[in-house]
Every structure is written in C-alpha cells, then in structure tokens.
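FYI, side chains are in, hydrogens and waters are out, and symmetry mates aren't considered; it's all heavy atoms of this structure.
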Amino acid sequence: MSVTSTYTFLQGYFNGLFVGQNTVSAADQIFTESPPGSVVFTVHRPSGEQLVDLGKLINTDANVGMVAKHLISAGASLTSGLRVQGTPWINVPYFIQSPAAHKPSDMLARVNFDFHIETPFPCSDIDGTISVFLFVFLDSQKHLHVTIDGTWFSFEGGAPFCAGKASDGLKAALPGVRKEIQALLPPLTSAIANVKFANIYFLPGDGKKTAGAFVEDASNDASLGLLLA
C-alpha cells in the first residue's frame with residue numbers, strides 16, 4: 001500500500017501549523033516529492049517506506065530530564081519539551097558562516113527547547129530558545145548516519161545589565177547540552193545500522209499514513225522516510 005501525502009503549510013515551509021491529506025492506493029508508486037520551499041508540499045510514498053518519527057524518539061521524559069540538568073548548571077530552567085523540526089539548510093541561523101557546508105536543498109533536523117532565567121532586580125527575566133541542529137545523511141555505503149551539525153541560542157530580556165552574564169552562562173552550558181543530545185543519536189540508527197538505503201527524506205509531523213485529512217504542527221515534530229536500496 002502506497003500513500004500520496006499533501007501538506008499545506010499555513011505558516012511557511014516546514015514551519016508551524018499545516019493541513020495534511022493522505023490518499024492511500026493499493027498500487028505501489030515511485031517516490032517523488034515536489035520542489036522544496038512551496039506552501040503546498042506533495043510526497044509520493046512507496047509501500048516499502050520505513051518511517052522514523054524523530055519527535056517520538058527524542059522527546060521522552062528521560063531525555064527532557066537530562067537536558068534540564070545541564071540548564072540548571074547555567075542558572076536556567078527548562079520550560080518546554082524537546083521539539084524536532086525539519087529546517088532547510090539556508091534557514092539555519094549559522095548558514096552564513098559556511099554556506100557551502102551543505103547543499104542548498106539539504107534539510108537538517110532542529111532539536112529545540114525553551115528556557116527561563118530569573119534575574120536579580122532591576123534586570124528583566126530572560127526567556128529564550130536553544131537549538132541543536134542534526135544532519136542526517138547516507139554514507140558511501142548507503143548506511144544512515146546522524147551527526148550534530150551545530151548549536152544556537154537566542155533570548156530576550158536581561159536588561160539593563162544581566163544579558164551578558166546570561167549569555168556567558170549559556171555558552172558554557174552548550175557543550176554539556178550538545179553532549180546529551182549526542183548521546184540520544186545512537187538509538188536513532190542502531191536498529192538499522194547495517195541496512196542500506198536508497199533515499200531519505202523529511203516529512204512534517206509524525207509522518208502518519210492513514211487516509212484522510214489531519215492537522216499537525218511542523219514546528220513540534222518531524223519524521224524521516226527511508227527507502228531500501
């Protein structure tokens with residue numbers, strides 16, 4: 001059974017709410033996907049597709065607890081779960097630092113979460129987001145790999161004189177956060193370590209294949225479609 005999935009993004013490509021429509025067919029079909037960047041994104045998904053729901057694997061109670069522990073060392077508290085979002089390389093915030101590091105059409109998985117820092121009077125409290133970007137690729141032997149590509153954080157607040165100290169604390173905490181995220185990656189590929197794939201592609205949300213319409217948030221979850229070589 002194959003599925004044609006059409007995603008209509010209401011807040012931009014792989015961003016925010018989207019409306020999905022799955023059309024199921026008994027006949028198999030060749031994988032194709034519409035050009036990236038469009039408000040309407042269509043993927044023809046063959047019957048042999050293997051699906052990996054990145055959000056379900058990463059946003060667990062145990063993983064949230066590990067990340068929260070490192071934020072505490074920076075004087076911050078975690079205020080969200082771990083979200084996973086497919087992000088075009090050209091939209092990654094550090095893209096301009098090394099534009100040729102990936103192809104313009106490459107997608108990265110953004111694992112991000114929110115934090116809060118209480119500051120002493122008269123500074124305003126700080127609220128922000130930390131993002132860890134993962135690069136998913138096939139090596140020359142067609143085996144799947146996931147690596148940490150980079151990290152980024154942004155925040156608001158801290159005026160008039162607490163922002164600099166908060167920024168230094170977050171920079172010091174990032175290596176620990178990065179280490180924890182790195183530890184989450186082996187389970188993503190362990191079950192298929194010796195399997196060869198012909199193609200990988202991103203799907204917004206949990207990648208559901210059931211027929212009919214549905215609404216999800218592409219900023220909260222992303223999935224991988226895998227096709228055997």
Side-chain angles (χ1 to χ4, degrees), residues 14 52-89 91-99 101-102 106-119 125-139 141 143-158 162-195 200 202 206 219-224 226:
F14 271 80
V52 178
D53 184 348
L54 296 175
K56 182 178 180 180
L57 289 174
I58 291 176
N59 187 38
T60 66
D61 291 342
N63 294 341
V64 169
M66 287 191 295
V67 171
K69 178 185 66 176
H70 284 282
L71 286 178
I72 290 173
S73 68
S77 58
L78 183 66
T79 57
S80 74
L82 307 183
R83 301 179 294 261
V84 184
Q85 178 180 11
T87 304
W89 167 231
N91 290 344
V92 172
Y94 54 82
F95 162 79
I96 196 63
Q97 298 174 7
S98 183
H102 301 290
D106 280 347
M107 294 281 289
L108 277 68
R110 177 192 180 204
V111 179
N112 66 100
F113 45 88
D114 301 329
F115 63 87
H116 177 81
I117 299 175
E118 294 185 0
T119 58
D125 282 359
I126 290 172
D127 290 287
T129 301
I130 292 175
S131 299
V132 180
F133 291 89
L134 310 179
F135 183 50
V136 185
F137 65 96
L138 299 176
D139 65 17
Q141 301 300 312
H143 295 144
L144 183 70
H145 295 272
V146 184
T147 62
I148 292 182
D149 191 76
T151 55
W152 193 264
F153 69 84
S154 61
F155 64 82
E156 296 181 350
C162 296
K165 181 178 180 180
S167 180
D168 290 343
L170 290 167
K171 289 177 182 177
L174 276 182
V177 171
R178 181 175 179 133
K179 182 179 179 181
E180 294 294 354
I181 298 296
Q182 183 71 50
L184 309 184
L185 303 185
L188 299 183
T189 58
S190 59
I192 51 177
N194 297 316
V195 180
I200 56 174
F202 275 83
D206 62 11
S219 297
N220 286 338
D221 196 5
S223 299
L224 294 177
L226 303 164

For residues 144-156, which side-chain N or O atoms pair as donor and acceptor with protein atoms under 3.5 Å away, sequence neighbours left out?
unit_1	atom_1	unit_2	atom_2	d
H145	NE2	D139	OD2	2.7
D149	OD1	H102	NE2	2.7
D149	OD2	Y94	OH	2.6

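- A salt bridge links R83 with D114: the closest approach of a Lys/Arg side-chain nitrogen to an acidic carboxylate oxygen falls below 4.0 angstrom.
- Legend: residues meeting side-chain hydrogen bond (donor to acceptor under 3.5 Å, both in side chains) with D206, ordered by chain and number and at least two apart, are K208.
- Of the possible polar contacts, one joining the N59 side chain to the L82 backbone as a donor-acceptor pair under 3.5 Å is found.
- When every heavy atom of S131 is checked against every heavy atom of N112, the shortest pair comes out as OG-CB, 3.5 Å.
- Nearest approach of M107 to G86, heavy atoms of both residues: CE-C, 3.6 Å.
- Between I130 and L71, the closest side-chain pair of non-hydrogen atoms falls below 4.5 Å.
- Taking all atoms of both residues into account, the shortest heavy-atom contact from K56 to D221 is N-OD1, 4.3 Å.
- Smallest separation of non-hydrogen atoms from A109 and V84: CB-CG1, 4.4 Å.
- In this structure, G157 and A163 approach most closely via the heavy-atom pair O-CB, 4.1 Å.
- Side chain of D106 to main chain of W89: no donor-acceptor pair is present (N/O by atom type, distance under 3.5 Å, no hydrogens or angles).
- Residue F115 forms a side-chain contact (heavy atoms from CB on, under 4.5 Å) with just one option from L78, I126, V67, and that option is I126.
- Between T129 and R110, some side-chain heavy-atom pair lies under the 4.5 Å cut-off.
- Taking 4.5 Å as the limit, some side-chain heavy atom of F202 sits within range of a side-chain heavy atom of L54.
- Each side-chain hydrogen bond (donor to acceptor under 3.5 Å, both in side chains) pair with one or both residues in residues 163-172, not counting sequence neighbours, would appear here, but there are none.
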